[in-house]
Every structure is written in C-alpha cells, then in structure tokens.
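Here is the structure we will look at, set down as structure tokens.
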Amino acid sequence: MVQKPAGPRALFDKLWDSHAIVTREDGQTLLWVDRHFVHEGSFHAFNKLKERDSRVARPDLTFGIADHYVPTRRSGRAIDPTIRSMLEQLERNTSENDVMLFGLNDPRQGIVHVVGPEQGLTLPGLLIVCGDSHTSTHGAFGAWGFGIGASEVAHVLMTQTLWQRKPKRMRIAVDGALAPGIGAKDIALSVIARIGADGAQGHAVEYAGSAIRGLTIEGRLTLCNLSIEVGARCGMVAPDETTIRYLRDRPFAPKGEDFERAAEDWMRLPTDEDAAFDREVALNASEIAPIVTWGVSPEDALPITMAVPNPETIEDAGKAAQVRDAIAYMDLKPGQKLTDIRIDRVFIGSCTNSRIEDLRAAAKVIAGRKAKVPGLVSPGSSLVKQQAEAEGLDRIFQEAGLEWVESGCSMCVGMNGDIVQPGERCASTTNRNFKGRQGPGARTHLMSPAMVAAAAVTGHLADVRPLIEERS
Amino acid sequence: MQPFQRLTAIACPLPFANIDTDQLIPARFMKRSRAEGYGGYLLHDMRFADDGAERVDFPLNRPEFKNAQIVVARRNFGAGSSREAAVYALVDYGIRCVVAPSFGDIFASNAVNNGLLPARVDESQAEVLIRMLENGVAKLSVDLDAQTITASEMSIPFHVDPVWRMKLLNGWDDIDLTLSQTDAIARFAAADAGRRPWAVPQSPSR
Ligand code: SF4
C-alpha cells in the first residue's frame, strides 16, 4: 500500500489512499475497484475479454443491470428483435462469467444508478466504476464513483483494478436555506451555469455546506449525478447520519455488528478540518431560483424568471456563435421570456430524477390538475414503481393524462425507442439537453421534477412556485 | 495499439464548442458490432440531412477536407457520455488527432486507449488554427515527441498528459503493464479484506 501522507486529508484523499495499490514514478497509480456495474452497452468490453481468452476476475464484485435498452411498456408486448438481442447478449456475458444480473424480469431491476444505492451495493468509502458517465451519482454516499470507457471496463473485468492519476480537488460549498420548491436539481444546474460544462475538468468535487447537509440521500444522488455535467471526474458528499440511516437494512449492506463497525469507519471519512482544496466555489442557497436550460449544453441554464440570451450583445465571438447555434437548434428567439416557451411533451425519469422523492415532488404539483401535453413517467426502479403505486402516485399522474410506465433509461437517451419526435420540445427531468439526445431533432429543456410538473399543467415552461403556493 | 509519433495530414476545422459524444455518435447506432466499422456514423446528424444526403456545408463534407486525419475544434470536445464508440467513430473514419482547448476527461482517456491523440492548445491558438484552415491552409504537422503543431511557418505547442504521451508514443496497452503487478494486487486484496471487511457485498437474506 502507498504511504499515508501526514497532515489533514480531504474525503477524496482518504478514498484515494485506501485504494492505491502501487504508484509509478510518473504518478500513475493502480487502484483497487470495489464495485463494477455492467449493462447492455458493456458488450464491447466483454468482446475484448473474449479476444484475450480471459474471464471476469472478481464476479463477486461485478453486477449486471439491464437498463439502457429495456422496453418501458412490457406486459403483453413483443420486444423489438434488435433490443432483445442486446438484452440477451448481456444475459450471456454475465452468466458465462458467473456475474449476478438484475435482468429485465428481476423485481429489483431499474437504472444502475438507482438500483446500486437502493440495494446497498453502494456504500461509503467504496470505489465504484461503470461504463456510464453518471456513475458519479454514487458519490452521494461518500463513495468514489466514476464513469469509464470500454477499454477500461475490460481492464477492470480482467484485473479488478484501474490506472489513474490523482485529480485535483475542488470544494463546492452551498450554505444557507433553499426556498420552498427549490431542490437539488436547481443547485446542480446553478453550479453548471456558474462554472461551465467543463468547469471542473480534472477535478474531484466535494459538495459541502449547510444546504448540502440538509439534502436527503435522494437529493444528494441528484446533485452528484450531475457532477459529470461540469466535467468533474467525480462528485461526492461526506457520509453523515443521513447516510447511515439510509443504508441500515439495505439488502447487500453489512448486517448487525458488521454494520456498526462499518458505520464507525464511514464516520471517519469526512474531510479533516484544514484539508486543502485546489479550488473552492461558494454558492448562497437562498439566491437559488428554479432553473431551466434553454440551449444544447447543461451550462445553458438560467432562472425561469429570465429570458433567452441575445448573441448580439455577447462580445466573445466563439461564445456568440455557440449561443446563435443553440437558439437556432432550439427554435427560440433572442430575448424571448423563458416562460413563453411552449412545450410538446414532458418526461419524468432517468438516473437524475426518478426516485420516490422526485415522483412525490412532481405528483404534488400535478395532483388535481390536468396535463396540457402528453408525457411519460418512468420510475427509476421497479421497487420505486411499487412504492409509488402503494402511495397512489401512479393514479395522480394517470388522472392528469400522463403515461405511467416501467423503469429504465427510457427517454433520457432514447435507446429503447422511447424518443421525442423530431422538432418536438420536451420538458425533462434528465441530465443532457444535447442535440438529438432524446431522439434525432429533439429539443430538450432540463429542469427539476416539480418544474416539469409545472410545465405539464401549463403547457409552457413555468415557475413552479406560485403553483405550490396555491396549494398551501 | 498503433503508436503515434509524427503525423502530417489534412486537418479539418470543426468550429463548434461542446461537441459531445452524443453528437460524435448518436445512441441509435451503438447496437452495432465494431467489426462493421463506426466511421460512417461519425457526427452523423451534423454530416447528413434527414433524408441521408450529405450536408454540403458541413466541414468534413467539403472536398478540401475529405480524408482529414486531424480535426481542430473549440472547447469541451467529447463531453458527455462515456461511450468509447465516440472514439471508435473518429478512429474508424481515419482521424488520428483531435486538437481543442479542452476535452471531456473520459473521452480523452478513451482516445488514448485507442491511439487517438487529444492535443490541448490555448483557446486563442485553437482560433488561429481554425481560421488558417478555413482560409486555405490544408495540412498540419503534429509532432508528439516535441509536442508541437506546425502549419506553414508557424509552430504552436500543445499539451498532453505526460503518461498519455508515453503510452501513445510507444503504443502501450495498460493491461500488460497491470498483469506484471499481479502479486501486488493479490497482496493488496488480502490486506484490504482485513482493513475494510465491510467492503464486500453481503448476500441479501431473502
Ligand atoms: S438514465 Fe440516462 S444518464 Fe442515466 S444511466 Fe440511463 S442513459 Fe445514462
């Protein structure tokens, strides 16, 4: 093991030190991987394994999940043959390697970044990788999660390790109280708007401050999920009582005495006082308003009370070109009020905002109202779906006119066929408003579940706050 | 992996910021096997109109940039999804070097694992290169050992992580390096089981 450096350490330093196997002269460090999630898209990596006549080194630490391609309308319908073959390929690759699979028909199936935490596979202090950039989500527990490409997936499958160079550390502190109706999604979009979609490249981010401490695990998952949208290597929140409470009695978490011992270790993970960060960013929670994106990068985010920017008033030629291009793709007008943007459909789902708390927040706004546009609600896992149905949320969505479907990545990425039609505009709880992300020619506006609900019932981008006030 | 040392080739300007991996290869093409080649899907929805015809005004489709092996883009190239298919699309198309002011971290490491050089330059110099390419300079020379990009008389430095530079220069593959550490890995795993007994998943009682 690598020598522990003396002096105060940040949460990230502690995670780094406890996973370093060897460090080369050039600074590359071989790291131990505690959990590895694979999905339908991991077939390139399994093919590399076969080329080398190799097998999965640690099937006990590897878990398969069917999420990216799964159909969300399942009962009694035939599955598209190309999608079926993606699912079967995953079944084959995992079973041939004795890897456990949460497959299409498993009652625990769902989106990898929802299922891992829900099942207690995600724990504080772990290094977690997956061939998916939103693996940063797992940082909500004080774990170190990051996305990797197929070559790296193959490397982890074969060796349970990965070479990395230590990233820099950035602390994003959010202090103060959030106004009613403002959630983790608004914090995250505010951060992205502030520092840019590449603002944290090469950095491990720790979220701190009273507003973060006040977030539930669900909120922290949303926040850490979006770390990749500022380009960060990972994002994390130090474990605390909220974390411990969430994890107790989760299926794959330690039990009894073992849990208590683990919890003691976890409570030693938070950043030491006086630990150094390479960069500090501070936000005042009370200044955060409901945020929506207007353009084609998550950094194109503004409070709902604002207007589409005018490229003519932007001095930087590159930036002006970017804004012009985004406005053209999104079919908007410079200076147009954001609340004047009409939408064609809504989507509530994805690893960013599909947990029970997200569904409750949306249902609270929608209850007793009618949606003016069609839309899809896809819970993050089959267990979330079950719980939502037990609480009657499914009926609230359906009575408003929205479709209540099974769990999967669905309209976040459109791989399973749930797409936004060309030229259509969608208010979405997802994480990427890239051109064509939700389908060729689709136009995406990102926002919180409560804000999507507000858009659904008004038919345009709307401030959720008055809709909540009417209720209280 | 094919080593990268020096390359003189046609360079195509892509004067856009945030060219994300969803644009580099739209998700709907990712079900296909790599054996079919991913080059045809590179920047598919930017290169082709809805009816499948080439958009004549898109830089890669212009006659002077056909056969480009280098592209020069604006900031945050390759942001987004971890799909290595984005790199496969570039490589299968014939691109061996991307020049930009910044890259998505995951994209950049995927690139290096496939012998594709992510060369980082100052934002102002990316603009200079883009202007030159748009005004008739067709070729750039990239020297990885010297870390320079030369065009006509001008030479500008670029940055690449020193470890990546060695990997690319030599065409090294991580896995061979790691297999030489098998004993160290086994020792670590044994000691770690004592230090962090809670780190292994428990079997759910059901
Ligand atoms: S929900 Fe979207 S972002 Fe999340 S894992 Fe699935 S495709 Fe990726």
Side-chain angles (χ1 to χ4, degrees), chain A residues 1 18 21-22 26-28 30 32 34 41 44 47 60-61 82 86 119 121 123 125-126 131-133 147-152 155 158-161 163 165 197-198 201-202 231 233 251-255 258 261-262 265 296-297 318 321-322 325 413-415 422 432 434-437 440-441, chain B residues 15-18 20 22-23 26-28 30-31 33-34 45-46 50 74-76 79-85 87-88 102-107 109-110 113-114 123 127 161-163 166 174-175 177-179 181-182 184-185 188-189 191-192 195-206:
Chain A
M1 211 187 64
S18 61
I21 302 169
V22 285
D26 60 17
Q28 283 288 93
L30 189 64
W32 178 253
D34 294 309
H44 288 293
N47 288 345
D60 57 325
L61 304 180
T82 53
M86 291 300 288
Q119 289 297 319
L121 283 163
L123 300 172
L126 299 187
D132 185 281
S133 58
I148 56 179
S151 299
E152 292 168 319
H155 189 279
M158 280 187 257
T159 66
Q160 202 58 30
T161 65
W163 291 98
R165 214 164 52 121
D198 53 358
Q201 258 165 20
R233 288 299 286 158
F252 289 84
K255 314 268 171 357
D258 294 345
R261 146 97 211 256
D265 285 358
V296 293
S297 162
Q322 193 186 326
D325 176 63
V413 69
M415 286 176 172
R432 288 188 173 137
F434 297 165
K435 289 179 184 171
R437 168 76 177 189
Chain B
F16 310 99
N18 296 323
D20 53 69
D22 276 84
Q23 289 179 74
R28 61 188 187 277
M30 284 164 46
K31 293 191 275 288
S33 132
R34 173 78 190 275
D45 296 346
M46 294 175 96
D50 296 344
R74 292 198 168 121
R75 61 177 263 273
N76 207 20
S81 140
S82 62
R83 59 185 74 166
E84 197 159 302
V87 172
Y88 301 158
S102 62
F103 293 93
D105 281 338
I106 308 176
F107 170 84
S109 64
N110 289 343
N113 282 329
N114 289 277
E123 202 144 18
E127 293 304 319
D161 178 291
V163 174
M166 288 309 286
D174 281 343
I175 191 82
L177 224 77
T178 311
L179 293 175
Q181 298 287 348
T182 307
I185 297 172
F188 177 95
D192 188 53
R195 275 194 306 266
R196 297 184 309 143
W198 42 262
V200 287
Q202 302 303 302
S203 32
S205 40
R206 58 194 332 266

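Just so it is clear: chains get the letters A, B, ... in the order the sequence lines come, proteins before strands, and each one is counted from 1.
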Item to check | Max heavy-atom pair count under 4.5 Å with chain B, selected residue of Leu30(A), Asp325(A), Asp60(A), Val296(A) | outcome: Leu30(A)
Checklist entry - Shortest non-hydrogen contact from Lys255(A) to Ser203(B)? => result NZ-O, 3.9 Å
Item to check | Atom group of Thr82(A) that falls short of 4.5 Å from chain B, counting heavy atoms | outcome: both
Next on the checklist: Quick check: closest heavy atoms across Gly125(A) and Arg196(B), and the distance to 0.1 Å?
Outcome noted: O-NH1, 3.2 Å
Item to check | Which portion of Asn114(B) sits near chain A, non-hydrogen atoms under 4.5 angstrom | outcome: side chain
Checklist entry - chain A heavy atoms under 4.5 Å from Pro26(B): which part of the residue, side chain, backbone, both or neither? => result neither
Checklist entry - Just one of Thr182(B), Thr178(B), Asp174(B) clears the side chain to side chain contact (heavy atoms under 4.5 Å, CB included) bar with Thr159(A), so which one? => result Thr178(B)
Checklist entry - Which atoms of Ala253(A) come close to chain B, meaning under 4.5 Å heavy atom to heavy atom: side chain ones, backbone ones, both, or neither? => result backbone
Item to check | Contacting moiety of Ser297(A), where chain B heavy atoms sit under 4.5 Å | outcome: side chain
Next on the checklist: Ring-plane angle category for His44(A) and Tyr88(B), please: parallel below 30°, perpendicular beyond 60°, tilted otherwise.
Outcome noted: perpendicular
Next on the checklist: Between Ile175(B), Asp45(B), Asn113(B), who has the most heavy-atom pairs with chain A when the cutoff is under 4.5 Å?
Outcome noted: Ile175(B)
Next on the checklist: Taking side chain as everything from C-beta outward and backbone as N, CA, C, O, which of these in His155(A) sits under 4.5 Å from a heavy atom of chain B? Side chain, backbone, both or neither.
Outcome noted: both
Item to check | Proximal component of Met415(A), with respect to chain B [non-hydrogen, under 4.5 Å] | outcome: both
Item to check | Top contributor to chain A interface from Ala189(B), Ser33(B), Gly80(B) [non-hydrogen pairs under 4.5 Å] | outcome: Gly80(B)
Checklist entry - Could you walk me through whether Asp26(A) and Met166(B) pass the side-chain contact (heavy atoms from CB on, under 4.5 Å) check? => result CA-CA 10 Å; Asp26(A) 60 17; Met166(B) 288 309 286; 5.9 Å; no
Checklist entry - Heavy-atom distance under 4.5 Å between the side chains of Ser18(A) and Arg195(B), does that happen here? => result no
Checklist entry - Side chain, backbone, both or neither: which part of Asp265(A) has a non-hydrogen atom closer than 4.5 Å to chain B? => result side chain
Item to check | Heavy-atom side-chain proximity of Asn76(B) to Gln201(A) below 4.5 angstrom | outcome: yes
Item to check | Region of Gln322(A) that comes under 4.5 Å of a non-hydrogen atom in chain B | outcome: side chain
Item to check | chain B contact via Ile148(A) - which portion, at a heavy-atom distance below 4.5 Å | outcome: backbone
Checklist entry - Under the 3.5 angstrom rule, does the side chain of Arg34(B) hit a backbone N or O of Asn47(A) as a donor-acceptor pair? => result no
Item to check | Interatomic spacing from OG1 in Thr161(A) to CD in Gln181(B) - rounded to 0.5 Å | outcome: 9.0 Å
Item to check | Side chains of Asp132(A) and Arg83(B) in contact at under 4.5 Å (non-hydrogen atoms) | outcome: no
Checklist entry - Measuring heavy-atom distances to chain A, does Asp105(B) have an atom under 4.5 Å in its side chain, in its backbone, in both, or in neither? => result both
Item to check | Closest contact, heavy atoms only, Trp198(B) versus Leu123(A) | outcome: O-CD1, 3.6 Å
Next on the checklist: Tell me whether Glu84(B) contacts the main-chain N or O of Ser151(A) through its side chain, where contact means a donor paired with an acceptor under 3.5 Å.
Outcome noted: yes
Next on the checklist: So Ile185(B) and Trp32(A), do their side chains get closer than 4.5 Å, heavy atoms only?
Outcome noted: yes
Checklist outcome for this item: With chain B, the option among Arg437(A), Met158(A), Gln119(A), Lys435(A) that has the most non-hydrogen atom pairs under 4.5 Å is Arg437(A)
Next on the checklist: Just to verify, what does Ser109(B) make a side chain to side chain contact (heavy atoms under 4.5 Å, CB included) with, not counting sequence neighbours?
Outcome noted: Glu152(A), Trp164(B)
Item to check | Closest contact, heavy atoms only, Ser133(A) versus Ser81(B) | outcome: OG-CA, 3.6 Å
Checklist outcome for this item: Most heavy-atom pairs under 4.5 Å with chain A, out of Ala79(B), Ala184(B), Ala85(B), Ser102(B), belong to Ser102(B)
Checklist outcome for this item: Heavy-atom closest pair (Gly149(A) atom, Asn110(B) atom, distance to 0.1 Å) is CA-OD1, 3.0 Å
Checklist entry - Where on Arg233(A) is there a heavy atom nearer than 4.5 Å to chain B: the side chain, the backbone, both, or neither? => result both
Next on the checklist: Below 4.5 Å, heavy-atom pairs only: which of Ala150(A), Pro254(A), Ala262(A) has the largest tally toward chain B?
Outcome noted: Ala150(A)
Item to check | Point-to-point distance, once rounded to the nearest 0.5 Å, from CD of Gln28(A) to CG of Leu177(B) | outcome: 9.0 Å
